[in-house]
Chemist: 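For reference, the structure I am asking about is given below.
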Amino acid sequence: MKHSGKTVSFVLAVATALSFSAPPAQAQGLFEALFGGGFKNRPVERREFQSRPKRSKQQRAAAPKISGPSYYTYKADALVRADFAALGAVAQPAAFEPALTGATFRESLAGLQGFDLKAEKGVARTLSEYYAANPDFIWVSGLSANGRAQEAVRVLGEAGSYGLDPAEYSVVVPAASYSMDNTQARLVELIRFEMTLSARVLRYVSDAQNGRVDPNRLSGYHDLPLKPLDMVAALKTLARTQEVRTYLESRHPQAPEYQALRVELESLEASAENDIIVDPKLLLKPGEINVELPKILQLIARDLGDQPAGEHGELLTRYANSELYMPELVPVIKAAQEKAGLKGDGVIGPRTVQAIAGNSKAERLQKVKIALEQLRWLPVELGGTRVFINQPAYTASYVENGVEKLNMRTVIGKPSNQTSFFYDEIEQVDYNPYWGVPQSIIVNEMLPRLRRDPGYLDRAGYEVSDSRGRRIPSSAVNWGAYGSKVPFSVRQAPSEANALGELKILFPNKHAIYMHDTPQKELFDRESRAFSHGCVRLQQPREMAAAVLGTSVDHIAEKLKQGHSTEKVTRKIPVYVAYFTAWPNASGKVEYFADVYDRDARLVQALEKTDALRLSVAPTADKAPALDPAPVSGTQRPMDMEMPTGEEPLDDARVGIDAAVPTEAIN
């Protein structure tokens, strides 16, 4: 048995030695598939490499990895009780009787004692800060809610048209009629209404501008700065304007895409369409019979909408109920496949079913609402000239002065190396670029091979440098001595086999993501194109480079002939590396895409947590106790009697009751 063990060891040793002496082209195979590297013998400066620390058995067994960003368990912002102590609220004497000319803010402050108003921390803080410095009503005139309040409540009630939940901005408006025999109770009702409406308006403004969910708390893949919001300034603006609707609606994104998504939301909600569910595993060839075929034909017909019916329209009508896949229907199916970006082969398989049947109405509604939320994470204006990458669509577009000039296929990060969601500004184009290999790839993917074959990088055309920038032969490094921290940089020299292809377009960011060419052109023919280590590969890199530089493709070709160089982008062009499973195309029609990274579900969970927390304290009625209960008299007034319609409130936003109606009407 002992002799047999020695024999096995000897055979393994010989096999290992032979593997290291194998032709480089064979050894290159796997790595070339991963990184696009080609075999090249390049002269390397030979140095005596001194620092080769030995690793313990425990270190060698550990094989550390550099982990990528992670997803987090989202926790909704806690609601806090608004603190009105700074307003100096002091109860009025029992004998106090407010003037019939209307409520004054200070006279009403006693009504805040014991008032349990829950709001976000920033909102609660703003209420205290604003009203301490501006002790006056915004939403009350006389003894009633004013026109400004009525308009604000109407806008909050329409929140659903933006994919928001109106219940989260609900406010109980004081009744239009009230008893003049118990004005103290009315004051309590009004001051609490004032604070509640301000709190809900501020929540609405914040949600419209930045969204209900903080994206950066969803995962490390989200990197979207919070747009600054001065809530005190917002209340000041609302206090002096009658254009409440205009102001509140201006807080939403103003991009045409946002409006297109709102139109889609309205259309879906108004639609009486019944979801047509098709077997997702359907496989149907011409000449075969299947009960699912009429559903497919109905969906194609519905997608035509108001378009001219033409030949396909006539065929769809004639064979609407056919379960036999007639040869005449093959052109119809092929056309639908090609329209969806599939290969038009006439065979109805799972991908064709997904492309034609798409998502159910409920799924589309959810995707649109998610898209509206995500757009609120981006700038209010996306910019007339921009580059927009939509990861689930696997596309990149160049828009100039609001018109889409380019739209091309892309390859994005695989699920284990996801492309982040962020935006930046394009800075330069590199021709015949070097590829600086990220540390994560060096550690996770190169290091295991280098421990077996230290000279691999020398043969494959990669350059290794130490921390001082000195070139070092790969074969001179004891790669087995390092784990998750490798004190060397590795880069691939420009070549036809370079992983970045012939050019890259940079917008420096902490994620080390950019757009670039690739030698693996065949990947663009695939429907699902999540194959990269996180960067965005372009199907038409020369065209995109020419677009952002404001030049021609011929100029790009000439620069490429001149070898490695860099050209700066002189214009400010934002680039959005975005993630939308519902997004309008250039014509404004909303298209739907698969959730390649399963991010929608995580966002839905975060929204549900936020909604549940907010709705747990949603008002149902004003439970404020009357300060001096009195029986309701027959003398009551309508809510709008405190000021003439269409006029600004007099004095300091208050109008007395006797200024609105004749004195005899009060008696």
Side-chain angles (χ1 to χ4, degrees), residues 74-82 115-124 126-127 138-139 145 148-176 189 192-214 229 231 234-235 238 244-245 247-249 251-253 258 261-262 264-270 361-362 364-377 600 603-624 639:
Y74 193 86
K75 185 176 181 180
D77 289 327
L79 302 182
V80 300
R81 179 176 179 175
F115 183 34
D116 187 18
L117 174 61
K118 295 290 180 61
E120 293 75 11
K121 289 181 181 179
V123 171
T126 299
L127 295 179
I138 297 175
W139 314 109
R148 185 186 290 116
Q150 295 175 50
E151 189 70 354
V153 170
R154 276 193 288 268
V155 174
L156 299 185
E158 298 165 5
S161 68
Y162 293 94
L164 303 171
D165 185 352
E168 296 181 18
Y169 315 99
S170 175
V171 179
V172 177
V173 181
E189 187 180 19
R192 296 186 176 192
F193 167 71
E194 172 77 18
M195 296 302 169
T196 303
L197 182 53
S198 286
R200 299 303 174 248
V201 163
L202 289 177
R203 171 183 287 175
Y204 181 91
V205 168
S206 177
D207 289 353
Q209 177 172 305
N210 287 305
R212 287 172 288 167
V213 164
D214 179 352
L229 172 59
M231 292 188 180
L235 288 182
L238 289 164
V244 174
R245 175 177 293 275
Y247 174 79
L248 292 179
E249 292 181 346
R251 301 303 90 195
H252 288 277
Y258 193 72
L261 287 165
R262 290 188 66 208
E264 179 78 352
L265 177 64
E266 181 182 14
S267 175
L268 286 171
E269 290 180 332
K361 176 181 174 180
R364 281 177 283 154
L365 274 168
Q366 185 178 82
K367 285 179 181 288
V368 169
K369 290 181 179 180
I370 287 172
L372 288 166
E373 172 71 9
Q374 291 173 322
L375 251 178
R376 293 187 274 266
W377 301 341
D600 282 5
L603 176 53
V604 168
Q605 290 177 354
L607 288 169
E608 289 175 346
K609 289 180 179 180
T610 300
D611 296 345
L613 188 64
R614 292 177 173 185
L615 295 176
S616 67
V617 295
T620 55
D622 188 356
K623 300 177 182 178
M639 181 170 62

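As a basis for the values below, the full set of heavy atoms in this structure was taken, side chains included, without hydrogen atoms, waters or symmetry mates. Only a predicted model underlies this, so the values are computations on that prediction, with no experimental measurement involved.
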Chemist: Return the minimal non-hydrogen interatomic distance between Ala208 and Pro253, and the atom names on each side.
Modeler: O-CD, 3.6 Å
Chemist: Using modelled atom types and a 3.5 Å cut-off, is there a donor and acceptor pairing between side-chain atoms of Ser198 and backbone atoms of Glu194?
Modeler: yes
Chemist: Mind telling me whether His252 and Tyr162 have parallel, tilted or perpendicular rings, with 30° and 60° as the class edges?
Modeler: parallel
Chemist: Can Gln366 and Asp600 be said to form a side chain to side chain contact (heavy atoms under 4.5 Å, CB included), step by step?
Modeler: CA-CA 9 Å; Gln366 185 178 82; Asp600 282 5; 5.5 Å; no
Chemist: To the nearest 0.5 Å, what is the distance between CG on Leu261 and CD1 on Ile370?
Modeler: 12.0 Å
Chemist: Just so I know, are the side chains of Leu164 and Arg376 near enough to count as touching, which here means a heavy-atom distance under 4.5 Å?
Modeler: yes
Chemist: Can you tell me how far the OH atom of Tyr169 sits from the CD atom of Glu158, to the nearest 0.5 Å?
Modeler: 13.5 Å
Chemist: Write down the atom of Leu229, the atom of Ser206, and the distance for their closest heavy-atom approach.
Modeler: CD2-CA, 3.6 Å
Chemist: Between Thr196 and Phe115, is there a side-chain heavy-atom distance shorter than 4.5 Å?
Modeler: yes
Chemist: Work out which heavy atom in Ala119 is nearest to a heavy atom in Ala199; give both atom names and the distance.
Modeler: CB-CB, 4.4 Å
Chemist: So which of Arg200, Arg614, Arg251 actually passes salt bridge (Lys or Arg N to Asp or Glu O under 4.0 Å) with Asp207?
Modeler: Arg614
Chemist: Can you name the nearest heavy-atom pair linking Thr126 to Met231, along with the distance?
Modeler: OG1-CB, 3.4 Å
Chemist: What is the minimum heavy-atom distance between Val155 and Tyr204, and which atoms define it?
Modeler: CG1-OH, 3.8 Å
Chemist: Tell me, yes or no, whether the heavy-atom count around Glu249 atom CD, taken from other residues, nucleotides or ligands under 6.0 Å, exceeds 12.
Modeler: yes
Chemist: Side chain of Ser616, backbone of Leu613: donor and acceptor closer than 3.5 Å?
Modeler: yes
Chemist: I'd like to know if the side chain of Arg262 reaches the main chain of Ser161, judged simply by a donor and an acceptor atom lying under 3.5 Å from each other, with no hydrogens or angles considered.
Modeler: yes
Chemist: Tell me, do Thr610 and Asp77 make a side-chain contact under 4.5 Å, heavy atoms counted?
Modeler: no
Chemist: If only atom types and distance count, is the side chain of Arg212 paired as donor or acceptor with the main-chain N or O of Glu373 below 3.5 Å?
Modeler: no
Chemist: Is the closest side-chain heavy-atom distance between Leu156 and Leu197 below 4.5 Å?
Modeler: yes
Chemist: Would you indicate whether the side-chain heavy atoms of Leu117 and Arg192 approach each other to under 4.5 Å?
Modeler: no
Chemist: State, yes or no, whether a side-chain contact exists between Asp165 and Leu615 at a heavy-atom distance under 4.5 Å.
Modeler: yes
Chemist: Rounded to the nearest 0.5 Å, how far does CD of Glu151 lie from CZ of Arg154?
Modeler: 4.5 Å
Chemist: Taking the side chain as everything from C-beta on, heavy atoms only, tell me whether Val172 gets closer than 4.5 Å to Phe193.
Modeler: no
Chemist: Are Leu265 and Glu269 close enough, and set up right, to give a side chain to side chain contact (heavy atoms under 4.5 Å, CB included), and what steps lead you there?
Modeler: CA-CA 6 Å; Leu265 177 64; Glu269 290 180 332; 3.8 Å; yes
Chemist: Taking C-beta and beyond as the side chain, do Lys369 and Leu607 meet within less than 4.5 Å on heavy atoms?
Modeler: no
Chemist: Where the side chain of Lys361 meets the backbone of Leu268, is there a donor-acceptor pair that is under 3.5 Å apart?
Modeler: yes
Chemist: Would you say the side-chain atoms of Arg203 pair up with the backbone N or O of Glu120, donor to acceptor, closer than 3.5 Å?
Modeler: no
Chemist: Considering non-hydrogen atoms only, spot the tightest contact between Ala82 and Ala124 and give its length.
Modeler: CA-CB, 4.0 Å
Chemist: Evaluate the criterion side chain to side chain contact (heavy atoms under 4.5 Å, CB included) for residue pair Tyr74 and Asp214; output intermediate values, then yes/no.
Modeler: CA-CA 9 Å; Tyr74 193 86; Asp214 179 352; 4.0 Å; yes
